[in-house]
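Report on one structure; see the data block that follows.
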Number of protein chains: 2
Amino acid sequence: MIRNVRTYNHFCAVARTLELVGDRWSLLVIRDLLTGPKRFTDLMERLAGITPKTLTQRLRELTDIGLVTADRAPGRREVQYRLTDAGQELGPVVDALNWWGLQHAWRWPQPGEPLHVEHLLGAVIQAINHTTGDHQPARWHLRFPDDDYLVESDGHRWSLAATDPQVRADVTVTATVEAFTQYLFAPAATPEPDIDIVGNTKAVQRFKRLIRAIADVVGTP
Amino acid sequence: MIRNVRTYNHFCAVARTLELVGDRWSLLVIRDLLTGPKRFTDLMERLAGITPKTLTQRLRELTDIGLVTADRAPGRREVQYRLTDAGQELGPVVDALNWWGLQHAWRWPQPGEPLHVEHLLGAVIQAINHTTGDHQPARWHLRFPDDDYLVESDGHRWSLAATDPQVRADVTVTATVEAFTQYLFAPAATPEPDIDIVGNTKAVQRFKRLIRAIADVVGTP
DNA sequence: CTGGATCCATGATGATACTG
DNA sequence: CAGTATCATCATGGATCCAG
């Protein structure tokens, strides 16, 4: 396959980077792989609106330039797409875009706008990292009907990863996506039956405090 | 004018940001405005390869969404394009792209590849910020035949700005673009007549030390 | 079912030339 | 200096189809 060589030919590292990941959808593919390996269909789901043709093309390009690898389990039809180390190191780029958008381009979901909880959690992480001074270690397990996520702080910064249902954490939250979304925007108004928060008392209090602390960032229209 | 509404419609701050600045050339226009206001022709020069049509379109879009303002001096035909505060705050995004590119996509200039010293200095700044631990305040005045730049550290991070010839600094460097480029890649091999470095002795030594310290980052093929 | 491929439409970008 | 105008091309989207 002939790679589309849409270059800038500037002697500039910004331009060089954008030659590799500046195409439409590329950085969104990377955004979704930053939380862990995913299959073609998982990506199609999160990248609402992309056509399979474009997703195929982007994955090929990212593979060709060494940012993604395609793992095919022998005998299985499934393909797991995974970031290489160089791909993972685009995390700061995606974080910077995320934080700027949260401050300057955030609004409530439009009617019919697809909402994936993984992206909402990405916003939560950025808001905690930038607006609260609290970076003490923590492990929060968030359980949704279709996915499990681990939100954790290593003592310096918070991060998000897809995880398995067996994880041990100091706070475990079980909710539907809708209930969790409403909880983020209006913590006090969400009835208890819709969202279940368990764990060590202090850890739960800290969780609730941090969510309240970012409400005016994440909840602004 | 009908704005190009190429949206993703994801409930995601990364996607929102890319809807605004993810088009081809947009972030490069912002890169060049981050060092100070520029005229249409100044931008054409730095954005080698862009067509005037596309530059006009990008400037209109960025103006419409509030990231750029066009200042027209009354009676004069000149237009100064300038970033708004929201536009300036894209600095961290451009920095992240710059640093990633420096680590993963850097190579010597291709034959015939346009080289603008402003972009080279952008790489220098990133390298100093990330690889040396030295963030003590400093002011370096770099004088080239056509442009003057100020490289300075405020005690926390280094930054680059276009400036005027009258600036007072602790180090003043006068050189052609070619000599300065060669000096960056091979400091010891550049003959003195081609590059003039003056100022306080300690400051000059520090300048030379920092340039040598980043040679293996900026000078890697 | 997953993981694509194919065909066609259209809109964004590029090349070149020209202008108030 | 700061753009327009015109035409060509290429990337992306939409819809549909296909193989393991």
Side-chain angles (χ1 to χ4, degrees), chain A residues 1-10 15 18-29 32-33 37-64 68-82 114 146, chain B residues 1-10 15 18-29 32-33 37-64 68-82 114 146:
Chain A
M1 178 180 136
I2 307 294
R3 256 219 70 213
N4 168 25
V5 199
R6 208 34 181 274
T7 63
Y8 293 108
N9 290 317
H10 292 184
L18 290 173
E19 286 174 354
L20 299 179
V21 299
D23 284 337
R24 189 163 160 79
W25 295 106
S26 288
L27 278 167
L28 297 185
V29 172
D32 287 341
L33 291 178
K38 304 218 164 32
R39 297 177 309 165
F40 191 89
T41 321
D42 297 329
L43 292 170
M44 283 295 292
E45 198 177 292
R46 286 165 175 79
L47 297 163
I50 198 173
T51 64
K53 173 180 175 174
T54 302
L55 180 55
T56 299
Q57 192 178 331
R58 289 294 171 271
L59 288 169
R60 296 272 154 84
E61 291 166 358
L62 293 172
T63 302
D64 287 350
V68 164
T69 56
D71 303 349
R72 293 157 206 274
R76 304 229 34 169
R77 310 194 43 259
E78 293 186 4
V79 184
Q80 288 268 77
Y81 292 97
R82 178 190 311 271
D146 295 328
Chain B
M1 178 181 137
I2 306 293
R3 256 220 69 213
N4 166 24
V5 200
R6 203 46 176 274
T7 63
Y8 293 109
N9 291 316
H10 291 183
L18 289 174
E19 286 174 354
L20 299 179
V21 299
D23 283 336
R24 187 162 161 78
W25 297 105
S26 289
L27 279 168
L28 297 185
V29 172
D32 287 340
L33 291 178
K38 302 220 165 30
R39 295 175 308 167
F40 192 88
T41 321
D42 297 329
L43 292 170
M44 283 296 290
E45 198 177 293
R46 286 165 176 77
L47 296 163
I50 198 173
T51 64
K53 173 181 173 175
T54 302
L55 179 55
T56 299
Q57 192 178 331
R58 288 295 171 272
L59 288 169
R60 296 272 154 84
E61 292 166 359
L62 292 172
T63 302
D64 287 351
V68 165
T69 56
D71 303 348
R72 291 157 208 274
R76 305 228 34 170
R77 308 196 47 254
E78 293 184 5
V79 184
Q80 288 269 78
Y81 292 97
R82 177 191 309 274
D146 295 329

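Numbered from 1 within each chain, the chains take letters A, B, ... in sequence-line order. As a basis for the values below, the full set of heavy atoms in this structure was taken, side chains included, without hydrogen atoms, waters or symmetry mates.
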Pairwise N/O distances under 3.5 Å, protein to nucleotides 6-10 of chain C:
| unit_1 | atom_1 | unit_2 | atom_2 | d |
| --- | --- | --- | --- | --- |
| C:dC7 | N4 | A:Lys53 | NZ | 3.3 |

Which pairs, protein N/O on one side and nucleotides 17-20 of chain D N/O on the other, fall under 3.5 Å?
| unit_1 | atom_1 | unit_2 | atom_2 | d |
| --- | --- | --- | --- | --- |
| D:dG20 | N2 | A:Arg77 | NH1 | 3.0 |
| D:dG20 | N2 | A:Arg77 | NH2 | 3.4 |

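The shortest side-chain heavy-atom distance between A:Leu33 and A:Lys38 falls under the 4.5 Å cut-off. Under the 4.5 Å side-chain criterion, counting only non-hydrogen atoms from C-beta, A:Arg39 is in contact with A:Gln80. In this structure the side chain of A:Val79 never reaches within 4.5 angstrom of the side chain of A:Phe40, judged on heavy atoms.
Looking only at distances, a side-chain donor or acceptor of B:Thr63 sits under 3.5 Å from a matching main-chain atom of B:Leu59. Of the possible polar contacts, none joining the A:Arg24 side chain to the B:Gly22 backbone as a donor-acceptor pair under 3.5 Å is found.
Residue contacts for A:Arg58: at a heavy-atom cut-off of 4.0 Å it reaches the sugar-phosphate backbone alone, with no base atom in range. Among the heavy atoms of the strands lying under 4.0 Å from B:Thr54 are primed sugar atoms or P, OP1, OP2 only; no base atom is included.
One interatomic measurement links the two molecules: CG of B:Leu47 to C1' of D:dG3, which rounds to 15 Å at whole-angstrom precision. Nucleotide D:dA11 holds its P atom 8 Å from the CD atom of A:Gln57, rounded to whole Å. One can place CD1 of A:Ile50 at 13 Å from C1' of C:dG4, the figure rounded to the nearest angstrom. One atom, CG of B:Leu18, and another, C1' of C:dA12, lie 17 Å apart when rounded to the nearest Å. Note: CG (B:Leu28) to C1' (C:dT13) measures 14 Å, nearest angstrom. To the nearest angstrom, P of D:dG13 lies 11 Å from CG of A:Asp23. Here the P atom of nucleotide C:dA15 and the CE atom of B:Met44 are 11 Å apart, to the nearest Å. Distance A:Leu59 CG to C:dA5 P: 11 Å, rounded to the nearest Å.
Between B:Thr41 and D:dA2 there is a side-chain N or O to OP1 or OP2 distance below 4.0 Å. Not one side-chain nitrogen or oxygen of B:Arg39 sits closer than 4.0 Å to the OP1 or OP2 atom of D:dG3. Applying the 4.0 Å criterion to OP1 and OP2 of D:dG13, one finds that A:Arg24 has a side-chain N or O inside that range. Here A:Arg60 reaches the OP1 or OP2 of C:dG4: one of its side-chain N or O atoms lies under 4.0 Å away. The side chain of A:Trp25 places no N or O atom within less than 4.0 Å of a non-bridging phosphate oxygen (OP1 or OP2) of D:dA11.
Separating the CG atom in B:Leu43 from the CG atom in B:Leu28 is a distance of 11.0 Å, to the nearest 0.5 Å.
Nearest-nucleotide assignment on DNA chain C puts the 5′-proximal partner with A:Tyr81, out of A:Tyr81 and A:Tyr8.
When every heavy atom of B:Ser26 is checked against every heavy atom of B:Leu62, the shortest pair comes out as O-CD1, 4.3 Å.
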*What's the verdict on side-chain contact (heavy atoms from CB on, under 4.5 Å) for B:Arg6 and B:Glu19, showing C-alpha distance, side-chain angles and the deciding distance?*
CA-CA 7 Å; B:Arg6 203 46 176 274; B:Glu19 286 174 354; over 6 Å; no
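B:Arg46 and B:Asp32 are not joined by a salt bridge, as no carboxylate oxygen comes within less than 4.0 angstrom of a charged side-chain nitrogen.
Taking every side-chain heavy atom of A:Arg6 into account, D:dC10 is the closest of D:dC10, C:dA15, D:dG14. When distances run from any side-chain atom of A:Val79 to the nucleotides C:dG4, D:dG3, D:dA11, the shortest one goes to C:dG4.
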Under 3.5 Å, sequence neighbours excluded: what are the donor-acceptor pairs made by side chains of residues 47-54 of chain B?
| unit_1 | atom_1 | unit_2 | atom_2 | d |
| --- | --- | --- | --- | --- |
| B:Thr51 | OG1 | B:Thr54 | N | 3.2 |
| B:Thr51 | OG1 | B:Thr54 | OG1 | 3.0 |

